[in-house]
*Asks:* 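Handing you a structure now.
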There are 2 protein chains.
Amino acid sequence: MKLSTKGRYGLRAVLDMALNKNEGPITLNSIAERQGISEGYLEQLMVPLKRAGLVKSVRGAQGGYILAKDPKNITVGEVIRALEGPIAPVACVSEDYPEECERAEGCVTRMVWEKVRDSIAEVLDSFTLEDLVQESRKYTGQNSYMYYI
Amino acid sequence: MKLSTKGRYGLRAVLDMALNKNEGPITLNSIAERQGISEGYLEQLMVPLKRAGLVKSVRGAQGGYILAKDPKNITVGEVIRALEGPIAPVACVSEDYPEECERAEGCVTRMVWEKVRDSIAEVLDSFTLEDLVQESRKYTGQNSYMYYI
DNA sequence: CTTATTCCTATTAAATTAATAGGATTTAAT
DNA sequence: ATTAAATCCTATTAATTTAATAGGAATAAG
């Protein structure tokens, strides 16, 4: 029942980008340093984040990554889904394409997993990156970066 | 964000036991057959379930396993925790012994994970085995076993 | 032209999960 | 007593997923 590092690192990465969004394209190298995540691994996380339309890349020197949308229009749920796939405590109740199960007819544990899925989704969708930025500012002051998230 | 088969198979196993609780000790062999789970694997699942005081074993011929408590006093949450450990979408917000994190001070993503943890726990703790038995009877009638759960 | 960067693909390492195997122990039934 | 049915125990292996690394190609600023 754990999130993998994809989701955790990825959320930290986009939050880092939200906190630094007025600095122009942000290099993975700088995120990697601030967040203590390997640059190569961050690279892999950017692929699904780009595909999901959450970040954009700027190639070449002075390039880097920027958020594709305003932080208040990006929910934690979007980020997590982009990185970990549809929310699904078990495959048969996946948000996307629930896996067919021969036992489905009359399955009574499934209703438990459905409720778990919905409650997770509700929480994740209730937070935007902007919420986290605001929260972060409480600790670090208006203009300082938030390294430890 | 997936449950492992430990939790899924284990819940099916104890529910199977709840549905057959008037039959005396239930052999792993019979659960394995009804549920399509390898007997050896079930054996491994019984260890933590016993330790958690949810099932009792009866050794020797005609032995097997029985629930240690009434189904209405066993929650899905207890079963899942016994098999998967404390609920913790990330280690730093584990129900039991949250892992210390150097970034904890001023960590803003943590409040998200805490809410996720609590919402999962709330759902899992809201269902008892008896609830699932009742639900199951709706499909199969009062006295028939529920094979497909 | 050089440098800094993303991009792309492949590979490896590590960890976890799932399953299997083989035998020791216990106990009911004969 | 003997047998058979079952749990118990430990170790091993197989499979899968996660995490990280490596090496270079493409792009664009200066």
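Below, read A as the first sequence line, B as the second, and so on, with proteins coming before strands; counting in each chain starts at 1. The model shown is predicted, which means the values in this text are computed figures rather than measured ones.
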*Asks:* Over all heavy atoms of both residues, which pair between A/K69 and A/G53 is shortest? Give the atoms and the distance, please.
*Replies:*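 Heavy-atom minimum between the residues: CG-O, 4.1 Å.
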*Asks:* So, the side chain of A/R12 versus the backbone of A/Q35: is there a donor-acceptor pair under 3.5 Å, distance only?
*Replies:*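 It does hold such a pair.
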*Asks:* Once rounded to the nearest 0.5 Å, what's the spacing between atom CD1 of A/I80 and atom CE of B/M1?
*Replies:*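 The distance works out to 8.0 Å.
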*Asks:* On a heavy-atom basis, which atom in A/L67 and which in A/V14 lie closest, and how many Å separate them?
*Replies:*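 The pair with the smallest heavy-atom distance is CD2-O, 4.1 Å.
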*Asks:* Can you identify which nucleotide, out of C/dA18, C/dT6, D/dA19, has its nearest atom closest to the B/T5 side chain?
*Replies:*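 Output: C/dA18.
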*Asks:* Rounded to the nearest Å, what distance is computed from the OH atom of residue A/Y41 to the P atom of nucleotide D/dT17?
*Replies:*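 Atom-to-atom, A/Y41 to D/dT17, this comes out as 14 Å.
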*Asks:* Counting side-chain heavy atoms from CB outward, which of D/dA19, C/dT20, D/dA6 is closest to B/S38?
*Replies:*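 Among D/dA19, C/dT20, D/dA6, the one nearest the side chain of B/S38 is C/dT20.
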*Asks:* In whole angstrom, what separates A/E39's CD from D/dT21's C1'?
*Replies:*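 Atom CD in A/E39 sits about 12 Å away from atom C1' in D/dT21.
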*Asks:* Of the residues in residues 51-68 of chain B, which ones touch DNA chain C at a heavy-atom distance under 4.0 Å?
*Replies:*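 Output list: B/R59, B/G60, B/A61, B/Q62.
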*Asks:* Is any NZ, NE, NH1 or NH2 atom of the basic residue among A/R81 and A/E78 found under 4.0 Å from an Asp or Glu carboxylate oxygen of the other?
*Replies:*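 Between A/E78 and A/R81 there is no salt bridge, as every charged N stays at least 4.0 Å from the carboxylate O atoms.
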*Asks:* Which protein N or O atoms sit under 3.5 Å from an N or O of nucleotides 9-16 of chain C?
*Replies:*
none

*Asks:* Kindly write out the residues that satisfy side-chain hydrogen bond (donor to acceptor under 3.5 Å, both in side chains) with B/Q44, not counting sequence neighbours, or none if the list is empty.
*Replies:*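 B/Q44: no side-chain hydrogen bond (donor to acceptor under 3.5 Å, both in side chains) contacts found.
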*Asks:* Who are the ring-ring contact (aromatic ring centres under 6.0 Å, His included) partners of B/F127, not counting sequence neighbours?
*Replies:*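 Partners of B/F127 under the ring-ring contact (aromatic ring centres under 6.0 Å, His included) test: none.
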*Asks:* Write down the atom of A/I87, the atom of A/A121, and the distance for their closest heavy-atom approach.
*Replies:*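 Where A/I87 meets A/A121 most closely, the heavy atoms are CD1-CA, 3.8 Å.
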*Asks:* Does B/K6 put a side-chain nitrogen or oxygen below 4.0 Å from OP1 or OP2 of C/dA18?
*Replies:*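 Result: no.
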*Asks:* Rounded to the Å, how far apart are B/K50 NZ and D/dC9 P?
*Replies:*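 In whole Å, D/dC9 P lies 6 Å from B/K50 NZ.
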*Asks:* Look at the side-chain N and O atoms of B/S4 and state whether any lies under 4.0 Å from the OP1 or OP2 oxygen of C/dA18.
*Replies:*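 Answer is yes, contact under 4.0 Å.
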*Asks:* Please report the distance, rounded to the nearest Å, between CE in B/M46 and C1' in D/dC9.
*Replies:*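 Distance, rounded to whole Å: 16 Å.
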*Asks:* In this structure, are over 12 heavy atoms from other groups packed under 6.0 Å from B/E99 atom CD?
*Replies:*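 No - once you tally the heavy atoms of other residues, nucleotides and ligands closer than 6.0 Å, there are 12 at most.
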*Asks:* Run the side-chain contact (heavy atoms from CB on, under 4.5 Å) check on B/L15 and B/S136 step by step: do they pass?
*Replies:* CA-CA 10 Å; B/L15 180 48; B/S136 170; 5.6 Å; no
*Asks:* Between A/S4 and A/E84, is any side-chain donor less than 3.5 angstrom from a side-chain acceptor?
*Replies:*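 The answer is yes; a qualifying pair exists.
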*Asks:* Roughly how many Å is it from CD1 in A/I37 to C1' in D/dA19, rounded to a whole number?
*Replies:*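 So the two atoms are 12 Å apart, to the nearest Å.
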*Asks:* Between B/Y65 and B/I31, is any pair of side-chain heavy atoms under 4.5 Å apart?
*Replies:*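 A side-chain contact under 4.5 Å is absent here.
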*Asks:* Take the protein atom CG of B/L42 and the nucleotide atom P of D/dC9, then report the distance between them rounded to whole Å.
*Replies:*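 Checked: the CG to P distance equals 17 Å.
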*Asks:* In terms of side-chain geometry, is the basic nitrogen of A/E114 or A/R117 positioned less than 4.0 Å from the acidic oxygen of its partner?
*Replies:*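 Salt bridge between A/E114 and A/R117, a charged N being under 4.0 Å from a carboxylate O: no.
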*Asks:* For DNA chain D, which residues of residues 79-100 of chain A approach it to below 4.0 angstrom with any heavy atom?
*Replies:*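 Listed by number, there are none.
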*Asks:* For the helix from C/dC1-D/dG30 to C/dT30-D/dA1, what angle lies between the axis at the first five pairs and the axis at the last five pairs, to 10 degrees?
*Replies:*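 Comparing the axis at each end, I get an angle of 10°.
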*Asks:* Roughly how many Å is it from CG in B/N29 to C1' in D/dC8, rounded to a whole number?
*Replies:*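 It is 16 Å, rounded to the nearest whole Å.
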*Asks:* Output the rounded distance in Å from CG (B/L49) to C1' (D/dC8).
*Replies:*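 Between C1' of D/dC8 and CG of B/L49: 15 Å.
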*Asks:* If you measure from OH on A/Y9 to CG on A/D16, what distance do you get to the nearest 0.5 Å?
*Replies:*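 Nearest 0.5 Å value for the OH-CG distance: 14.5 Å.
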